[in-house]
Amino acid sequence: MKGSTHRRCYCRDPHTGKPLGKNCPKLTSRKHGSYSIRQELPPREDGTRRSFSRAGYDTLKAAQTDLDHVRALVGLAERDDPEGMELLAAMLEEIGNEEIGNEKAPLPQVEETRRRLNAGQDLIGSLTVAEWLDRWLAGKRIRKSGISRYETDIRVHLKPHIGHRRLDRLRVSHLSDMFTAITDANAEILEQNTQRRAAIDELAPIPWKGVEHRTRRKTLKAAIDAMPPFRRVTGPATRQHVKATLRAALNDAIGQQIITFNPAAHVEIDPARKPKALVWTDERVALWEQTGEKPSPVMVWTPQQTGAFLDSVAEHRLYAMWHLIAFRGLRRGEACGQPWSETNLDAHSLTVASQLVQDGWGVESSEPKTDSGFRVIALDDDTVNVLKEHRERQDAGREEWGSAWVETGMVFAQEDGTWLHPGKVTDLFERLVAASGLPPIRLHDLRHGAATLMLAVGIDVKIVSDTLGHSDTRITRDTYQSVLPQVGKNAAEATAKLVPLQRKTAAEQARKAAKKAKAKKKRKQGKPQK
């Protein structure tokens with residue numbers, strides 16, 4: 001197909017106003033005008049002609065280089081491949097009309113275009129990030145809760161910030177800008193929350209009676225209504241999850257040979273530090289009673305506090321569930337979804353193979369999230385007896401309900417046998433903790449307490465990890481570095497005794513001598529006088 005280079009300028013005839021074109025006398029100077037290229041392309045389906053044209057080259061060499069590049073792209077399709085020729089022609093026609101800023105779009109590389117053509121992919125990366133994320137999410141085959149989490153990351157964060165960008169032109173700098181914008185938005189949200197809280201606090205003590213007070217209340221309420229509602233900030237853990245979602249989506253794009261680089265693997269953001277489990281010592285309890293603040297989001301009861309709670313709920317209908325979580329560390333969804341068919345009290349074990357999870361406020365049954373979630377948990381004699389008593393009470397309830405009983409086969413259920421709602425179980429636990437008078441913990445912290453108790457009695461961390469369903473013992477170690485105070489004291493004493501120090505030996509001998517002398521003195525004082 002024909003192609004050519006030529007020099008042109010934009011000078012016009014001063015009398016007619018028409019372009020001079022090749023007749024411009026200044027074209028004799030190499031410094032005047034610029035070079036252009038034009039390459040014929042395969043005609044459209046309706047037979048009309050089309051071509052690739054580009055102007056603005058400073059030198060003939062630069063113009064010829066791009067013309068050769070265009071010809072190489074056109075030549076990628078064989079003559080007997082009309083579909084390939086049409087794709088290449090459409091690509092070049094679109095690129096010829098596309099501008100990035102004030103510059104022409106770059107010509108695609110020949111080898112990359114050849115690879116895309118042979119792989120049946122789009123020849124130009126016009127696919128946006130938003131379009132790819134929608135396509136990627138639609139193809140995921142995971143449980144609904146996982147899909148919902150991905151969808152939230154995409155809808156709330158990724159699409160608003162980078163959804164408009166072309167997928168093949170996404171850069172690390174774009175992601176850095178996105179996370180910077182999220183951080184800036186956090187500061188704005190905190191400021192707005194503070195303003196709204198201050199206005200509500202100002203409104204609360206104003207009396208209802210009196211014209212002046214009513215006017216003041218009305219003014220404040222109008223101001224509060226005009227303020228943005230209370231909002232949550234995007235914390236470090238959420239930002240890490242947003243990054244992980246984007247990274248997974250881009251990895252799949254690489255796997256399908258749509259892109260070759262994953263910028264999400266290289267952007268740096270603040271790490272999400274998991275809070276360490278702290279034990280409710282007497283000092284921490286006293287501080288909480290004074291301030292009402294928890295020392296850490298993750299708090300664990302001492303064995304005495306755990307026992308006090310279980311004693312306070314001994315007559316509760318779901319006592320067996322609280323007992324099982326406290327001693328064996330089941331997750332909330334695992335306890336709610338544990339069936340009798342996987343609970344072998346004669347063998348002193350139960351198998352975790354299902355769970356109840358929330359989808360919005362709805363509840364559905366699903367398998368454990370990971371392979372490590374499938375596990376067999378050994379049961380002690382006391383727990384077995386507790387579960388046997390619970391089964392007897394459930395059987396009595398089944399007879400009482402009669403035909404209205406709903407047979408779900410679950411160990412723990414509502415009064416009529418239907419599924420427990422995990423969210424309602426959490427609310428119930430919080431009310432029971434408040435009624436017990438003990439320092440507050442979350443239901444998941446009761447599971448943390450089971451892990452702490454196992455570590456405290458010297459059970460190997462691998463067994464603890466397997467019991468909890470952790471995929472790696474490092475998760476167990478990282479979460480439960482802080483164990484019961486007496487365990488740390490015993491470890492410190494045992495460590496100190498391993499190192500012989502002369503100072504310690506002399507001090508010990510002095511203490512023994514003083515003790516011996518004191519005992520001798522007492523014996524003398526106790527002798528009867530002759």
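Given the structure is predicted, the values throughout are model-derived calculations rather than measurements. As a basis for the values below, the full set of heavy atoms in this structure was taken, side chains included, without hydrogen atoms, waters or symmetry mates.
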Gap separating the OG1 atom of Thr234 from the CD atom of Gln240, nearest 0.5 angstrom: 13.0 Å

If you compare all heavy atoms of Ser296 against all heavy atoms of Leu278, which two are closest, and at what distance to 0.1 Å? CB-CD1, 3.6 Å

Report yes if the side chains of Leu330 and Arg447 come closer than 4.5 Å at any heavy-atom pair, otherwise no. no

For Val433 versus Ile441, what's the shortest heavy-atom pair and its separation? CG1-N, 4.3 Å

Is the number of heavy atoms from other residues, nucleotides or ligands under 6.0 Å of Lys140 NZ greater than 12? yes

Cationic tip of Arg239 above Phe179 ring, under 6.0 Å, 45° of axis: no

Evaluate the ring planes of His161 and His157, with Trp represented by its six-membered ring, and classify them as parallel (under 30°), tilted (30 to 60°) or perpendicular (over 60°). parallel

Looking at side-chain heavy atoms only, is the closest gap between Leu41 and Val74 below 4.5 Å? yes

Quick one: sort the His241 and Tyr150 rings into parallel, tilted or perpendicular, breaks at 30° and 60°. tilted

Considering all heavy atoms of both residues, which atom of Leu420 and which atom of Cys336 are nearest to each other, and what is their separation? CB-SG, 4.2 Å

Counting C-beta onward and ignoring hydrogens, is there a side-chain heavy-atom pair between Met91 and Thr113 closer than 4.5 Å? yes

Residue of the set Ile154, Leu250, Asn251 for which side chain to side chain contact (heavy atoms under 4.5 Å, CB included) holds with Trp136: Ile154

So which atom in Ser354 and which in Pro368 form the shortest heavy-atom distance, rounded to 0.1 Å? N-CD, 4.0 Å

dist Arg197:CZ -> Ile224:CD1 (nearest 0.5 Å) comes out at 9.5 Å

State whether the number of non-hydrogen atoms from other residues, nucleotides or ligands found under 6.0 Å of Gln109 atom CD is greater than 12. no

His32 and Cys11, any side-chain heavy atoms less than 4.5 Å apart: yes

Nearest-0.5 Å distance, OG1 of residue Thr408 to CH2 of residue Trp340: 11.5 Å

I'd like to know whether CG of Asp184 has more than 12 heavy-atom contacts from other residues, nucleotides or ligands below 6.0 angstrom. yes

Can you confirm whether Arg247 is buried at CZ, in the sense that more than 12 heavy atoms of other residues, nucleotides or ligands lie under 6.0 Å from that atom? no

CD1/Ile200 to CE/Met227 distance, rounded to the nearest 0.5 angstrom? 8.5 Å

Given side chains that start at C-beta, do those of Ile269 and Leu175 come closer than 4.5 Å, heavy atoms only? no

Find the distance between CG (Asp68) and CD (Gln39) and round it off to the nearest 0.5 Å. 9.5 Å

Below 4.0 angstrom, N of the basic side chain to O of the carboxylate: do Asp466 and Lys462 qualify? yes

Would you say that Ile377 contacts Gln338 through its side chain, given a criterion of any heavy-atom pair below 4.5 Å between the two side chains? no

So do the side chains of Tyr57 and Thr5 get within less than 4.5 Å of each other, counting heavy atoms only? no

I'd like to know if Asp445 and Arg442 make a salt bridge, using a cut-off of under 4.0 Å between side-chain N and carboxylate O. yes

Go through Thr467 and Arg375 one step at a time and tell me if the side chain to side chain contact (heavy atoms under 4.5 Å, CB included) criterion holds. CA-CA 7 Å; Thr467 302; Arg375 62 197 189 278; 5.8 Å; no

Does the side chain of Glu131 come within less than 4.5 Å of Arg166's, by heavy atoms? no

Check: Glu188/Gln192 side-chain N/O donor and acceptor closer than 3.5 Å: yes

Full working for side chain to side chain contact (heavy atoms under 4.5 Å, CB included) between Leu350 and Glu342: CA-CA 6 Å; Leu350 62 81; Glu342 296 295 337; over 6 Å; no

Atom CD of residue position Glu112 - does it have more than 12 heavy atoms of other residues, nucleotides or ligands inside 6.0 Å? yes

Steps toward side chain to side chain contact (heavy atoms under 4.5 Å, CB included) verdict (His421, Asp427): CA-CA 10 Å; His421 192 293; Asp427 294 339; over 6 Å; no

Please give me the minimum heavy-atom distance between Leu117 and Gly84, naming the atom from each residue. CD1-CA, 4.2 Å

NZ/NE/NH1/NH2 to OD/OE distance under 4.0 Å, Arg50 and Glu86: yes

Within a 6.0 Å radius of atom CD on Glu407, are there more than 12 heavy atoms belonging to other residues, nucleotides or ligands? yes

Once rounded to the nearest 0.5 Å, what's the spacing between atom CG of Leu443 and atom CD1 of Ile325? 4.5 Å

